[in-house]
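Since the structure comes first, as structure tokens, the remarks are kept for the end.
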Amino acid sequence: MKVSVIGLGYLGATHAVAMAKSGHQVIGIEPNPEKVAMLQSGRAGFFEPGLDQALAEQIAAGRLTFQIAHDESSRLVDVHFICVGTPQTKGSLAADTSYLHAAISDLAPYLREDALVAGKSTVPVGTAAILTKELGAATGFSEPNLAWNPEFLREGTALEDSLRPDRLVVGVTNKRSEELLRQVFEPMIASGIPFLVTDLATAELVKAAANAFLATKISFINAMAEIAEVSGADASQLAKAIGYDERIGNKFLRNGVGFGGGCLPKDIRALMARAEELGVGESVAYLKEIDKINIRRRDRVIALLESELGSLSEKRILILGAAFKPDSDDIRDSPALEIALLAQKAGAEVIVHDPVSLPGVLIKHPELSVQEDLTKAFESVDAVVLATEWKEYRDLDPQMVSVLTANKLIIDGRNVLDVAKWQQAGFRVLALGRTIQN
Ligand SMILES: NC(=O)c1ccc[n+]([C@@H]2O[C@H](COP(=O)([O-])OP(=O)(O)OC[C@H]3O[C@@H](n4cnc5c(N)ncnc54)[C@H](O)[C@@H]3O)[C@@H](O)[C@H]2O)c1
């Protein structure tokens, strides 16, 4: 089939490659000319394991091209996937859907009446119905084919998740849209991946609900961590113990510095804002607490540092990690970066290390000092905070860095370190949600 992917960020670039790998002919549309040039050269422009190689292969195979705007070639497309951003609106909890409206009006002059527009962005429930009306007005079609197909990929395993998702959810208003989506996802459906057909509102809400549930699970265990910290209990053992119950499950149940990234924080806020607009704000008012618990974990790290070092003024603090999770360079709403900024605000001299995201850190936060060399980063520091659980940090030999540090103190913000190993190298180890005997 002929497919277009509109908006080539983390979601769109990955989806474009996944569609090409599924055998479709794909046109990627992205208004940022620098991004288009980068993609044409076989680089996604962000770190995602395996993506650049797959991208280069699909370009070489002639299945994937990129351009900055629609042209006559868009008329040949059967399914247009919309993957533009829906960030949090400044000064409000609501999602900014303006990029979607722009994408619809850019596409309308080139849309064939029998083609399908399938939104993949995460949107407030009700958005697809509004976009369908806009599309009808712009094209003159009495029943434009517009569907919603939310995306569940996780950064770090994005390509694999796009090719082999847990499930495919499609919200449709007519049989033609369903048929086109069945065709486009045929290889995945044939391999046994569940294919759920719903109405538009359900498909939109599935994504918001999934992210609200995941955020709740993380903040739940972090709330238990707060109780553990004042009662002498161990939240990591507690998580393990309750996780054996299949109804609870152990995934997304590790206590630490909390969630971040370009999705969970903004998605729970957008759900609260939309529920409020719909007159049922109380239904998800609890998400306000979920958000607050999450933010408090970042403050807890600063409190731990101050309890050990006194004032942070002129103390040298190394933050291990800047990305919101390992195997990604995404620093949007990253707990690690927020901890670095909070420590700096408290007067510390902060050094940030991250295996891949430092270029992005320097652009967004030139006020922070970065160190690319992991060993050198430990030089003369008064404390280390492990804030993103990169494998490099878990595997690091503490003996190698022990002599370099001025004061051997490490806070395990993700509860992943081999405590005995770090203690043998002379470090005092502190962690979130548990008291460690040093
Ligand atoms: N990143 C993820 O892991 C992930 C996972 C699932 C869902 N989502 C959702 O997918 C959407 C996109 O997220 P992202 O992380 O890829 O965002 P992003 O900011 O990385 O990418 C969005 C892209 O859309 C482009 N764009 C903006 N206006 C456009 C227009 N009119 N036409 C074409 N392109 C346009 C931007 O230039 C940018 O490259 C969001 O709704 C997000 O919530 C993201």
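Reckoned from all heavy atoms, side chains included, excluding hydrogens, waters and symmetry mates. Just so you know, ligand 1 is whichever comes first in the structure, and atom 1 is the first atom listed for that ligand. Note that the structure is predicted; figures quoted are calculated from it, not measured.
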Going by the rule salt bridge (Lys or Arg N to Asp or Glu O under 4.0 Å), which residues pair with E178 if we only count those two or more places apart in sequence or in a different chain? K175, R182

Is it the case that the ring center of F378 lies less than 6.0 angstrom away from the ring center of H353? no

Please list, one pair per line, the donor and acceptor atoms closer than 3.5 Å that link side chains of residues 338-345 to other protein atoms, with sequence neighbours excluded.
| residue | atom | partner | partner atom | Å |
| --- | --- | --- | --- | --- |
| Q344 | NE2 | E367 | O | 3.0 |

Test your reading of the model: is there a side-chain donor-acceptor pair from R75 to the backbone of P109, 3.5 Å cut-off? yes

Run the salt bridge (Lys or Arg N to Asp or Glu O under 4.0 Å) test against D327 and tell me which residues pass, sequence neighbours left out. none

Check this for me, if you would: do R269 and D291 make a salt bridge, where the nitrogen-to-carboxylate-oxygen distance has to be below 4.0 angstrom? yes

Provide, line by line, the atom pairs where ligand 1 and the protein bring an N/O atom each to a distance under 3.5 Å; else say none.
| residue | atom | partner | partner atom | Å |
| --- | --- | --- | --- | --- |
| ligand 1 | 1 (N) | E155 | OE2 | 2.8 |
| ligand 1 | 3 (O) | E155 | OE2 | 3.2 |
| ligand 1 | 15 (O) | R332 | NH1 | 3.3 |
| ligand 1 | 15 (O) | R332 | NH2 | 2.8 |
| ligand 1 | 16 (O) | Y10 | N | 3.1 |
| ligand 1 | 16 (O) | L11 | N | 2.8 |
| ligand 1 | 20 (O) | Y10 | N | 3.3 |
| ligand 1 | 34 (N) | G7 | N | 3.4 |
| ligand 1 | 37 (O) | E30 | OE1 | 3.4 |
| ligand 1 | 37 (O) | E30 | OE2 | 2.6 |
| ligand 1 | 39 (O) | E30 | OE1 | 2.6 |
| ligand 1 | 39 (O) | E30 | OE2 | 3.4 |
| ligand 1 | 39 (O) | K35 | NZ | 2.5 |
| ligand 1 | 41 (O) | T86 | OG1 | 2.5 |
| ligand 1 | 41 (O) | T122 | N | 2.9 |
| ligand 1 | 43 (O) | T122 | OG1 | 3.3 |
| ligand 1 | 43 (O) | K266 | NZ | 2.6 |

